[in-house]
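One structure is given below, encoded as structure tokens.
Any value given below was found using the heavy atoms of this structure, including those in side chains, with hydrogens, waters and symmetry copies removed.
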Amino acid sequence: MKKIFSFAVTLLLCLSIIAVSAYALSIPSGSATCAISSNQASSYTITVYGKYKYFGGHNDPDSSHKLTVCSQFFDASSNGFMYDEKIALDPGFEFQGRKTREFPVANAWRVQLKPYASYSNGCSGQGYIFRNQQIEEP
């Protein structure tokens, strides 16, 4: 009986690992992407344009701490990029298809990846911002 139980638990564990490994960040085609390695302080996508965009990110399981995925828009009054959203991800977590705020006219957008809080490095992960025309909502 112990052997059967042990076999079942081992099989379930292996299937869980395979399922988690298969579920990786799905980046839509036509997206601008960026990656951050554990020795970098930040990383950015190229600039994309639109009234709003969709973005996502992933913090690798072996990261030392949280990774912040930030959507940013260009603010003409300050002549620089401003934060739209900052999403902190624990190691091994991700999100996809998050919508930015919407402007009445097209604006410049990008995604920034950076370690959370006062850390200056120690994270690795990926981010994207969809750069084609906006996805039509139902």
Side-chain angles (χ1 to χ4, degrees):
M1 185 68 167
K2 285 183 179 180
K3 287 184 179 184
I4 293 172
F5 180 74
S6 176
F7 175 76
V9 170
T10 303
L11 180 62
L12 183 61
L13 180 61
C14 289
L15 290 175
S16 298
I17 291 170
I18 291 169
V20 169
S21 299
Y23 186 75
L25 182 65
S26 176
I27 299 174
S29 67
S31 294
T33 62
C34 62
I36 189 168
S37 60
S38 61
N39 63 347
Q40 289 180 290
S42 68
S43 177
Y44 300 92
T45 64
I46 62 169
T47 303
V48 298
Y49 300 91
K51 291 181 180 181
Y52 62 92
K53 292 293 173 185
Y54 290 91
F55 70 105
H58 170 80
N59 189 3
D60 291 340
D62 59 349
S63 290
S64 301
H65 44 78
K66 291 182 180 185
L67 175 68
T68 308
V69 180
C70 311
S71 60
Q72 298 179 327
F73 63 91
F74 186 78
D75 181 41
S77 65
S78 65
N79 199 26
F81 280 89
M82 304 292 288
Y83 290 108
D84 174 49
E85 281 198 67
K86 295 179 183 179
I87 300 171
L89 296 173
D90 286 320
F93 282 79
E94 68 178 56
F95 72 95
Q96 298 186 48
R98 180 84 170 235
K99 184 180 176 184
T100 64
R101 76 172 68 176
E102 188 170 344
F103 289 99
V105 296
N107 200 354
W109 294 94
R110 70 181 182 187
V111 163
Q112 177 192 30
L113 302 176
K114 63 180 186 174
Y116 180 73
S118 61
Y119 298 106
S120 60
N121 57 24
C123 290
S124 58
Q126 302 81 37
Y128 75 87
I129 189 161
F130 192 67
R131 70 176 171 184
N132 292 340
Q133 294 293 25
Q134 286 87 271
I135 298 170
E136 294 297 322
E137 295 182 342

Nearest atoms (heavy-atom pairs only) where Q40 meets P115: O-CG, 4.2 Å
Could you please spell out the steps behind the side chain to side chain contact (heavy atoms under 4.5 Å, CB included) verdict for N59 and D90? CA-CA 7 Å; N59 189 3; D90 286 320; 5.6 Å; no
Indicate yes or no for a side-chain donor-acceptor contact from S42 to the backbone of K114 under 3.5 Å, with no hydrogens or angles considered. no
Atom of S26, atom of Q96 and distance for their closest heavy-atom approach: O-OE1, 3.0 Å
From CG (N107) to NZ (K53), nearest 0.5 Å: 10.5 Å
For the hydrophobic clusters of this structure (ILVMFWY residues joined by side-chain heavy atoms under 4.5 Å, transitively), does one cluster hold both I36 and I87? yes
According to a hydrophobic-cluster definition based on side-chain heavy atoms being under 4.5 Å apart (Ile, Leu, Val, Met, Phe, Trp, Tyr only), do V111 and M82 belong together? yes
Aromatic ring proximity Y54/Y128, centre distance under 6.0 Å: no
Are Y83 and F55 in one and the same hydrophobic cluster, where Ile, Leu, Val, Met, Phe, Trp and Tyr link if side-chain heavy atoms are under 4.5 Å apart? no
Can you tell me if F73 has over 12 outside heavy atoms packed within less than 6.0 Å of its CZ? yes
Could you tell me which non-hydrogen atom of N121 sits nearest to which non-hydrogen atom of S38, and how far apart they are? CB-O, 3.1 Å
Residues in salt bridge (charged side-chain N to carboxylate O under 4.0 Å, His left out) with D84, at least two apart? R101
Hey, which of F74, F103, Y49 is the one that makes side-chain contact (heavy atoms from CB on, under 4.5 Å) with W109? F103
Nearest-0.5 Å distance, NZ of residue K51 to CD of residue E102: 7.0 Å
Where do F130 and S29 come nearest, in terms of heavy atoms and distance? CE1-O, 3.3 Å
Check the pair I129, S71 against side chain to side chain contact (heavy atoms under 4.5 Å, CB included), reporting the backbone distance first and the verdict last. CA-CA 8 Å; I129 189 161; S71 60; 5.5 Å; no
Could you walk me through whether D60 and Q126 satisfy the side chain to side chain contact (heavy atoms under 4.5 Å, CB included) test, starting with their C-alpha distance in whole Å, then the side-chain angles of each, then the deciding distance to 0.1 Å, before giving a yes or no? CA-CA 8 Å; D60 291 340; Q126 302 81 37; 3.5 Å; yes
Is there a side chain to side chain contact (heavy atoms under 4.5 Å, CB included) between H65 and C123 once you walk through the steps? CA-CA 6 Å; H65 44 78; C123 290; 3.4 Å; yes
Where do T45 and T33 come nearest, in terms of heavy atoms and distance? CG2-C, 3.7 Å
How close do F81 and A108 get, heavy atom to heavy atom, and via which atoms? CE2-O, 4.0 Å
Quick one: pull up NE2 in H58 and CZ in F95 and give me the separation to the nearest 0.5 Å. 12.0 Å
